[in-house]
Amino acid sequence: MYKRNVLITLNQWIVLLWGIVLSLVLLMAIPEENYVVRSISVTLVAVFSICYYLYRRYSERFAIQADLLISINTLAQFLLPVFYLAFYYHANPHLDVYGYRYGYAITSFAALLGQTMFFLGYESVKKSLYFPRIEISENSYTRLFLVLLPLLALIWIGRFVLLSTGSYYQIYRTDYQFTSPFYSVFAQLSGYGLIVVGALFLIAFSEKRKREKNRKIVIAIIVLILEMLWYIPAGSREPIVFTISAPIFAYIFIKRTIPRKTIAVLVIASFPILAILGTYRYVAFTSYQVSRLNLSSVPATLMAAKEKLQYKDTNIVAEITDRFYDGKSLGYLLLHYSNDYDYELGATYKNIPFSFIPRFIYPDKPVFTTALNNWYKLLAGGSMPTTFWGESYINFSWIGIAILSYILGLAMKGYDYIFIRRSGKPYWIYLYFFSAIHIMRLPMQVAVIWVSFLLKTIVLAFIFTGIHSFMTKVVGKSTYLPAVLKKNN
């Protein structure tokens, strides 16, 4: 058994190593002008290597953990879109104004290198650490809301303040934080409704009794719809996607199986929906002040967005895929940064210590967002992310991508370890579930955002545990605790 496990470990590392070597050879051997063959071949090697590693690691014992979540992001937003976009922009080169297509191959190589070093860091300690199978035995919704009542109250107080100050639309949240030191808390709390949605679905899918399970699923769906209604008037696509993905993640988390058909249907349906929301947001900006909630204008704006989309001379699939492919910003940096700028040598990491200080304590706390337009202002505006690997590169070149990815792997194993060790305690499982959905998006962010988000999640878990301990003393012995089955799968 020991020899077999060692062989499996060697196999997956050998594939990753040879994947890096082969993709580097392809990158050097195929001319840049032949970008379709170059991009597809390098990306194919990267996808196969990463998927092979994940298969070896999780084929016998499946669990949602940081290495899997980050790998999903790497595949979805750095690699898989290349298979479509390379051919699309080859047929329509005039639409690729900034020449992103020439960076597809080198981006795929960087993603494979960074992901491999992340795996190496993640697996260098606590190799056998897996999230145990959980079963949440809850008999009452009352105590859930008693414990989360302070959070729910703060969420809706924050949202009320957002509405009253004309800051409903979330893109203005950064400016809104400076109105008052305490507004930063309200701005962040607005996004914590996902914690409640996730908790309700985790409880529902853990229920063994069919009738009770159906009742809990209905309640969870109602709360999910209410949460979505908060975001739909602004056309905020990312929080809507996060909210919709909550029941899927909860199902996988509890059942340890992937609902492939459901995911396939949602992915196909997401293209027209996301296209409409994107156009809706554009139309809303031109028709009324979207920073203020204007429910009466929503139906007319949706219809206008639908009509505009019908007459829009663009490929919807290409538009959504290109918007989803955040690897293009990394590719642009890899191709141009060293020729245009000196390396930052760690300068972009100077704000990390400030992530430990709440803004209401230190109002002059720096803004953590580091967009690509800090260096290339004419490229694509401030919404284009630098990405974790992009930041690593502009600081320390390729060595930065390798070393900092390894350090990130170590850090995420530590993060997983903290939650796995406490997964039998109240509400740690809910907060890990909440963070799992967001972790898939974190590779788009710079390092300080990683530190800030993960630190807040851990602090929230301790706060919830403290509230639960207090409530159990007031209400009585709780039967409303997550119970972790220590047995192996």
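Atoms considered below: every heavy atom in the structure, side chains included; atoms not considered: hydrogens, waters and symmetry mates.
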Results of ring-ring contact (aromatic ring centres under 6.0 Å, His included) for F462 - residues two or more places apart only: W428
Q65: side-chain hydrogen bond (donor to acceptor under 3.5 Å, both in side chains) partners, not counting sequence neighbours: Y122
Ring centres under 6.0 angstrom apart (Y415, W450): no
For D416, salt bridge (charged side-chain N to carboxylate O under 4.0 Å, His left out) partners two or more places apart: none
Under the side-chain contact (heavy atoms from CB on, under 4.5 Å) test, residues paired with V47 that sit two or more places apart: T43, C51, L75, L79, L80, F83
Pair E391-T386, side-chain donor/acceptor within less than 3.5 Å: no
Got a list of side-chain donor-acceptor pairs under 3.5 Å for residues 114-121, not counting sequence neighbours?
residue, atom, partner, partner atom, Å
Q115, OE1, T74, OG1, 2.5
Q115, NE2, S71, OG, 3.3
T116, OG1, L112, O, 2.7

From CA spacing to verdict: ring-ring contact (aromatic ring centres under 6.0 Å, His included), F78, Y325: CA-CA 6 Å; F78 286 90; Y325 179 63; 7.4 Å; no
Plane angle bin for F396 and Y349 - parallel if under 30°, tilted between 30 and 60°, otherwise perpendicular: parallel
Side chain to side chain, I244 and M228, heavy atoms closer than 4.5 Å: yes
Set of side-chain hydrogen bond (donor to acceptor under 3.5 Å, both in side chains) partners for Y417, sequence neighbours left out: R421
For Q77, side-chain hydrogen bond (donor to acceptor under 3.5 Å, both in side chains) partners two or more places apart: N73, D326, R441
Pair E123 + R57: basic N to acidic O under 4.0 Å: yes
Criterion side-chain contact (heavy atoms from CB on, under 4.5 Å) on Y58 and D67, from CA distance to verdict: CA-CA 11 Å; Y58 288 107; D67 60 337; 2.4 Å; yes
Heavy-atom side-chain contact between F205 and I217 under 4.5 Å: yes
Gap separating the CG atom of L334 from the CD1 atom of I394, nearest 0.5 angstrom: 11.0 Å
Pairing residues for T257 by the side-chain contact (heavy atoms from CB on, under 4.5 Å) criterion, not counting sequence neighbours: Y251, K255
Residues in side-chain contact (heavy atoms from CB on, under 4.5 Å) contact with I222, at least two apart in sequence or another chain: V218, L226
Nearest-0.5 Å distance, OG1 of residue T387 to CG of residue L333: 7.0 Å
Sequence-distant partners of F242, ring-ring contact (aromatic ring centres under 6.0 Å, His included), two or more places apart: H438
Polar contact flag, side-chain donor to acceptor under 3.5 angstrom, N11-Y53: no
From L68, I70, I64, residue fulfilling side-chain contact (heavy atoms from CB on, under 4.5 Å) relative to I439: I70
Pairing residues for Y432 by the ring-ring contact (aromatic ring centres under 6.0 Å, His included) criterion, not counting sequence neighbours: F131, F419
side-chain hydrogen bond (donor to acceptor under 3.5 Å, both in side chains) against S397, all qualifying residues, sequence neighbours excluded: Y343
